[in-house]
Amino acid sequence: MKKILSFDVGGTKIAYAVVDELGQFVGEVNKTPTPKSAEEIRLFFQNTIRQYYDKIDGVAFSTAGAVNAEGTRIISFTGNLPVGYNQTDFLSLTDKPVVVENDANSAGWAEYALGAAQGCQNAVILTIGTGVGAGIIVNGRLLKGKSGAAGEMHFPIDSGHKRRCQGCGMWDCFESFASGTGLGKFAAEILGDGATGYNVISGKQQGEPKCEQAFNLWQDYLIKGIITLGNIFDPEAVVLSGSLGALVEYAKVEAAVNADILTPALKLYPARFANDAGLIGAALLACKKLSETV
Ligand SMILES: [Zn+2]
């Protein structure tokens, strides 16, 4: 059975583990703080690959940033990772086969292959954290677009210059409302300056009306976005992942979406995999690539 050394690279930590072709972990999932420079990150990758070299068939990276259509390098800015990380030459790290994929795409592939969207040929998997990422499955394949960057959740969803998105610079895009950052803005607007998304969530659990109001506003924008995605992709399922994905009112949101979409009804599911989705998805994509090139 093929085994892949898989890395999930984030701004604060890097997780890594050996994953087999069935998506099972072989041993522990390890975590380490993300090194402070691109060169230190590269050395960490090299040293770790060397440790596992004799036990693995390939290496996979689930990473922030858009990844090219070939799955070999990052083609965009990578936010809170060190300057120069997006220039990493992943293929030069080892002579084993290497696959690189965006973290939301990797998580989406894990949910499609083994998780909440298993059995669906068309699915949209949204990862809702600080931003909103998406892995989009069309006819059983990951949608990559002409360059590899498809699935950016920066489409206009409101008007009136209410919010300027920090990610794309546009006014009133989906991510600027439906992300954790977006919930934080609703918190400040309704609860007052200094209030955060965490205040909204804890207050909602205690039944505080203003917190419920802020949460519902956030969720209404999520509904609008899912309607748009439903109409464009006609998916069997939309899966919500990430820290905020777990808090969504599923029955209510699914009913609201299906009341307004033009396409036949979709199902809305919470993600099966939590923090491990990127590790598993990237490893499964690497196994797929290995079997296609044999
Ligand atoms: Zn945006």
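Atoms within each ligand, like the ligands themselves, are counted from 1 in listed order. Numbers here simply count residues along the sequence, with the first being 1.
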Any side-chain heavy-atom pair of Val26 and Lys55 under 4.5 Å: no

Indicate yes or no: at least one non-hydrogen side-chain atom of Phe45 is less than 4.5 angstrom from one of Val59. no

Can Ser106 and Asp103 be counted as having a side-chain donor-acceptor contact under 3.5 angstrom? no

Exactly one of Leu262, Ile261, Leu266, Leu222 should register a side-chain contact (heavy atoms from CB on, under 4.5 Å) with Ile227. Which one does? Ile261

So, taking the atom named CD in Glu152 and the one named CD in Glu175, what distance separates them when rounded to the nearest 0.5 Å? 8.0 Å

Measuring from Lys96:NZ to Tyr52:OH, what's the distance to the nearest 0.5 Å? 14.0 Å

Using 2.8 Å as the cut-off, count the protein N, O or S atoms closer than that to the Zn ion (ligand 1). 4

